[in-house]
Amino acid sequence: MRRSCSTKCRAETRRDGGSWNAMLTAYSRNGKTEEALDLFAVMIGEGVSASEVTFANVLASCGSKLDVWLSRQVHSLVAKYGFSGNVILESSIVDVYGKCGAMIDARRMFDEIEYPNVVSWNVIVRRYLEFGEGNEAVGMFSRMLRLNLKPMNYTVSNAILACSSFGGLTEGVQIHGFCCKINMDRDGVVSNTLIDMYAKCGDLESARTIFDLPCSKNVISYTSMVSACAISGRMSEARELFDEMPEWTVISWNVMLAGYTRTSDWEKALEFLILMRRSTRDVDHVTLGLFLNICAAIPDMNLGKQVHRYAYRHGFCSNVFVGNALLDMYGKCGNLIGTRNCFSTMSHSRDEVSWNVLLTSFARRGMSEQAMLVFSEMLGEAQPSKFTFGTMLAACANIFALDTGKQIHAFMISHGYDIDVVMTGALVDMYSKCRNIAYATRVFNGASRKDVNSMILGCLHNGMSGRVFELLDAMEEEGVRPDHNTFRGALRACVCNGRVELGAKLFESMSENYYLLPHLEDYESMIELYGENGLMDELEAFLKKLPFEPTAAMLIKVFDFSRKYKWLKLGEWAADRLNELNPSVPFLFQIVDDE
DNA sequence: ATAGGGTTAG
């Protein structure tokens with residue numbers, strides 16, 4: 001390649017920088033990165049004077065090559081050829097370093113620019129945003145404003161995007177105010193980004209207000225708004241907006257589909273997929289990933305296999321999202337061989353999520369030993385994350401592997417992993433299932449945000465149900481909102497301790513004050529609570545108010561309690577129901593024994 | 001240059 005370049009150029013009559021640059025530009029604009037860089041090397045070698053245009057093209061090529069060492073070399077050549085102080089080239093160097101993920105170098109270059117222009121500022125904001133440092137991006141943006149520079153709409157848009165990336169609603173509102181001040185709030189790109197920012201920060205009303213302004217409706221603002229409703233679970237609102245959209249893209253379809261899967265409405269999701277297939281030929285890797293999530297959740301492996309075949313035929317299997325969704329689908333359908341096979345074929349395109357899915361698939365089926373093996377294999381290739389540890393701790397809990405569990409706990413502490421609510425819960429769960437309630441308590445007490453439910457279950461698991469009431473009191477004191485699992489555990493504790501009145505009060509309060517519909521288990525607990533304490537009047541009244549037909553298990557309990565406390569009428573009632581459920585064996589249940 | 005997706009848990 002190098003030879004052909006130089007031959008070609010030698011044949012030319014004029015070999016000044018101009019024709020070299022023309023070629024360089026052609027290569028670089030057409031994505032011929034290697035060719036452009038080779039040509040540049042020849043240029044330098046032959047002593048052709050490199051101009052601003054030369055470096056602009058070479059830097060563009062460096063940016064697509066994502067090679068930080070190469071970028072540093074070109075950076076030094078820019079200085080050597082006397083272009084220090086050229087704001088365009090220096091901004092380009094900031095850009096290239098940023099693209100390579102070398103934000104320290106990017107920032108150093110930026111700070112060296114004597115008079116950064118609006119493009120320089122845009123580049124630094126954008127790169128911080130892409131690097132995942134939204135805070136820093138917003139910080140640079142406000143520095144720009146303090147210098148009284150007027151940002152481009154793209155820069156404003158990037159700064160707003162940065163706010164959404166870390167949930168900075170306060171900062172977002174301030175930028176919105178600034179946009180109004182300089183009359184940029186009606187700019188198409190800016191207003192769409194604002195809608196998206198408000199939506200992602202959970203302020204749907206503000207998003208809607210901007211969306212409803214005249215002239216701000218297009219596919220993108222519609223899609224943002226639909227997405228906002230969909231991620232907040234407001235699917236009927238999302239659907240209404242979707243139906244009135246002027247046109248649809250594959251993204252708008254995917255947004256709706258994601259909404260249905262997020263709300264676990266698998267039926268509607270499938271229905272929507274059928275509608276989608278009938279309306280458009282557009283299907284991409286996101287659609288397929290979501291489709292596989294649905295197959296995994298139902299679960300329907302045959303459907304999943306059809307999607308797999310489709311993905312294979314259309315070349316989507318090399319996409320890591322599709323690959324991971326496939327792993328998950330096979331795992332959730334219980335086909336661990338399928339998961340393993342997929343995982344092996346993904347050897348060139350797998351990431352830490354793939355490993356986590358593989359781990360979870362084994363752990364979910366109680367195959368903790370295999371999960372442990374996968375974990376040690378994983379350490380050689382990928383970084384474990386909180387997901388990894390969560391799964392591993394659950395696997396330890398299942399096989400009472402206290403020592404391994406402790407090692408994982410120690411590993412997390414020594415490597416500075418953040419131990420959040422979920423991790424605290426997983427640790428408490430592991431320690432209490434391994435019957436080490438002392439450690440479970442220590443983890444629980446030391447946590448800043450506590451997962452009370454796991455501690456309640458731990459106490460119940462270790463025969464310390466009395467402590468559940470202390471936990472409930474502490475919860476109330478700290479204003480922590482109980483959820484379904486809290487009540488389930490609390491009711492179990494009432495059963496264990498004969499706390500009938502408290503149980504009844506909790507059961508009432510569950511739907512009255514917390515709008516939580518009791519589950520079957522909660523009704524069972526109440527039946528046990530009344531029955532075991534011989535409160536047959538209350539039991540009878542409770543059964544009369546049941547909003548559904550009692551289950552066989554409930555009836556058997558009622559039958560047994562009635563026998564014990566000689567509550568014949570209720571016992572006969574239960575026996576009749578049970579006999580109706582078992583017509584093949586008449587009179588299996590009799591409250592008065594035949595003599 | 002502004003819109004979408006995956007892995008932890010009772």
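In what follows, every chain begins at residue 1, and chains take the letters A, B, ... in the order their sequences are listed. Keep in mind the model is a prediction, meaning the values are calculated, not measured.
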* Structure fact -> Against the side chain of A:Ala258, the closest entry in B:dA1, B:dG10, B:dG5 is B:dG5
* **Carboxylate-amine/guanidinium contact A:Arg208 A:Glu205, below 4.0 Å** => no
* Of the candidate nucleotides B:dT7, B:dG5, B:dA1, which contains the atom at the shortest distance from the side chain of A:Arg262? -> B:dG5
* Structure fact -> Side-chain contact check for A:Thr391: nearest option of B:dT8, B:dA3, B:dT2 is B:dT8
* Asked: Considering only B:dA9, B:dG10, B:dT8, which nucleotide approaches the side chain of A:Ser454 most closely?
  -> B:dG10
* Structure fact -> Per atom distances to the A:Ile220 side chain, the nearest of B:dA3, B:dG5, B:dT7 is B:dA3
* Asked: Between B:dT2, B:dA3, B:dG5, which nucleotide gets closest to the side-chain atoms of A:Thr193?
  -> B:dT2
* Asked: What nucleotide among B:dA1, B:dG5, B:dA3 has an atom nearest to a side-chain atom of A:Asn319?
  -> B:dG5
* To do: Examine the base of B:dG10 for any acceptor or donor lying under 3.5 Å from a partner atom in the side chain of A:Asp451, and report the outcome as yes or no.
  => yes
* Asked: Which of the following nucleotides, B:dT2, B:dT7, B:dG5, is nearest to the side chain of A:Phe321?
  -> B:dG5
* To do: Determine whether the aromatic ring centres of A:Tyr330 and A:His308 lie less than 6.0 Å apart.
  => yes
* Taking the six-membered ring for Trp and the single ring otherwise, decide whether the centroids of A:Tyr222 and A:Phe242 are under 6.0 Å apart. => no
* Would a line drawn from the ring center of A:Phe343 to the ring center of A:Trp355 be shorter than 6.0 Å? -> yes
* To do: When you get a sec, tell me which of B:dA1, B:dT7, B:dA3 is the closest nucleotide to the side chain of A:Met152?
  => B:dA1
